[in-house]
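All remarks here apply to the structure that follows.
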Amino acid sequence: MRDPLRSRCNKEYVDAIDISNNIPISEEDLKKAMEKVSETSKNMNVLKETDKEKIVSFKKDDGSIAYVISWADEKNPNRTNFAFVDQSELVSKKLISTASLNDSSAVATVISAAKVSFWNGSYLETYGSATTGGVHIHFSAKDGLWLAGGAATAAVLLGIILDGPLPFGDAIGALVAFGIATFYWAESNSDNSIDVSIPYANALQYPLTGHVSMKIGSHWYTI
């Protein structure tokens, strides 16, 4: 009789090493993207951070302010949900007054209380063991389309989301953002959402090579 646990582990191991279809990214394009990330990261501010929730403000490419919030899923301990919200949306929905936008504590409280209303279904989940597992990230159609726009802020935000669940996640986030911006239209799902998987074993190669092999949609790419 086939052992289902063993089959699952074997699949995870294959996911970690099956990069036969990987496609390299232009070093020049990647360098430009990383330079933008470095500049954008200077405009971030952590408003709240606990074991279960994190809220960060950032300046978008057009100069406006927005926020990213990530929180532990109540039903799945391996899953972290995340969402993005513009500052203007907080005001238009009358969740906070314009006069209170400079009060970081007040803004964090409002976002935390209303986070589910901002959520479009994006999440990160971990799978497997430290040797055969990794992270799987699902981006909803709305979030995927925004990332596909190639905004420099997207790279920083993904670094925030991946920091912790994935080794060197804060740096690898920029690579994920670049990969989605490059391959979104070829690899997105029929509903315009998109999935990315990164084995831990591949992430650990980042300090040695400066690149990571990840699965975007149904193909592997070295970025």
Side-chain angles (χ1 to χ4, degrees), residues 34 36-127 134-147 149 151-177 180 193 196 198 203:
M34 296 299 280
K36 288 183 179 180
V37 170
S38 178
E39 182 63 30
T40 304
S41 63
K42 298 175 183 178
N43 298 312
M44 292 192 318
N45 182 32
V46 178
L47 305 186
K48 179 180 180 180
E49 185 170 13
T50 67
D51 291 341
K52 294 186 177 182
E53 186 177 71
K54 186 172 184 177
I55 302 173
V56 177
S57 68
F58 61 96
K59 185 177 290 187
K60 296 172 65 176
D61 292 356
D62 62 6
S64 63
I65 302 298
Y67 310 91
V68 58
I69 176 171
S70 59
W71 68 97
D73 190 280
E74 295 182 357
K75 297 181 179 181
N76 186 342
N78 296 321
R79 178 174 292 187
T80 299
N81 303 316
F82 59 90
F84 311 107
V85 58
D86 288 332
Q87 188 179 76
S88 59
E89 187 175 350
L90 298 181
V91 176
S92 65
K93 289 185 175 181
K94 298 181 179 180
L95 296 173
I96 194 170
S97 66
T98 302
S100 299
L101 288 176
N102 290 326
D103 185 338
S104 297
S105 178
V107 172
T109 298
V110 166
I111 294 176
S112 180
K115 60 179 176 281
V116 176
S117 68
F118 305 133
W119 188 44
N120 296 307
S122 296
Y123 62 85
L124 176 152
E125 62 183 355
T126 59
Y127 64 88
V135 299
H136 161 239
I137 318 162
H138 175 77
F139 299 97
S140 69
K142 183 176 180 179
D143 295 336
L145 283 168
W146 180 67
L147 292 169
T153 48
V156 178
L157 300 183
L158 290 181
I160 294 171
I161 294 166
L162 288 170
D163 186 24
L166 187 70
F168 312 106
D170 54 341
I172 292 174
L175 305 184
V176 175
I180 292 175
S193 64
V196 177
I198 308 173

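Annotation: the span from L166 atom CG to L158 atom CG amounts to 11.5 Å, rounded to 0.5 Å. Between the CG atom of L47 and the OG atom of S105 there is a distance of 9.5 Å, given to the nearest 0.5 Å. Put simply, CG on L124 and OG1 on T126 are 7.5 Å apart, with the number rounded to the nearest 0.5 Å. Atom CD1 of I111 is separated from atom CD1 of I69 by 6.5 Å, given to the nearest 0.5 angstrom. Rounding to the nearest 0.5 angstrom, the gap separating the CD atom in E89 from the CD1 atom in I96 is 13.5 Å. Note that the CG atom of N81 and the CD atom of E53 stand 11.0 Å from one another [nearest 0.5 Å].
If you check the side chains of D62 and S64, you find a donor sitting under 3.5 Å from an acceptor. At a cut-off of 3.5 Å, with distance as the only test, no side-chain donor of S100 or D103 sits close to an acceptor on the other residue.
Annotation: side chain of V135 is not in contact with side chain of E125 (no heavy-atom distance under 4.5 Å). A 4.5 Å side-chain heavy-atom check between K59 and M44 finds every atom pair outside the cut-off. Proximity of Y123 to T80: side-chain heavy atoms (C-beta onward) are nowhere separated by under 4.5 Å. Using a 4.5 Å cut-off on side-chain heavy atoms (C-beta onward), N120 and F84 make no contact. Considering only heavy atoms from C-beta on, F58 comes within 4.5 Å of L157 through its side chain. A heavy-atom distance below 4.5 Å is not found between the side chains of I160 and D163. Taking 4.5 Å as the limit, some side-chain heavy atom of V85 sits within range of a side-chain heavy atom of L90. Using a 4.5 Å heavy-atom threshold, the side chains of V68 and I55 count as separate.
F168 and A203 make their closest contact through CD1-O, 3.6 Å (heavy atoms, listed as atom of the first residue, atom of the second, distance). When all heavy atoms are compared, the tightest approach of A114 to L95 is CB-CD1, 4.3 Å. Closest approach of I172 to P167, counting heavy atoms only: CD1-O, 3.4 Å. Taking both residues in full, the closest heavy atoms of H138 and F82 are given as O-CZ, 4.2 Å, listed atom of the first, atom of the second, then distance. For S122 against S140, the heavy-atom pair with the smallest separation is OG-N, 2.9 Å.
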Item to complete: Go through V56 and Y67 one step at a time and tell me if the side-chain contact (heavy atoms from CB on, under 4.5 Å) criterion holds.
Response: CA-CA 6 Å; V56 177; Y67 310 91; over 6 Å; no
Item to complete: Verify side-chain contact (heavy atoms from CB on, under 4.5 Å) between K48 and S112, making sure each step is shown before the conclusion.
Response: CA-CA 9 Å; K48 179 180 180 180; S112 180; 3.5 Å; yes
Practice prompt. Report the C-alpha separation of N45 and S104 in whole Å, then their side-chain angles, then the decisive distance to 0.1 Å, and conclude whether the side-chain contact (heavy atoms from CB on, under 4.5 Å) test is met.
Written response: CA-CA 9 Å; N45 182 32; S104 297; 4.1 Å; yes
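Taking a 6.0 Å sphere around NZ of K52, one finds it holds 12 or fewer heavy atoms contributed by other residues, nucleotides or ligands.
Under the 30°/60° scheme for interplanar angles, the aromatic rings of W119 and W71 are found to stand perpendicular.
Distance alone, capped at 3.5 Å, is enough to place a donor-acceptor pair between the D73 side chain and the K75 backbone. Panel note: side chain S70, backbone I161; no donor-acceptor pair is recorded below 3.5 Å.
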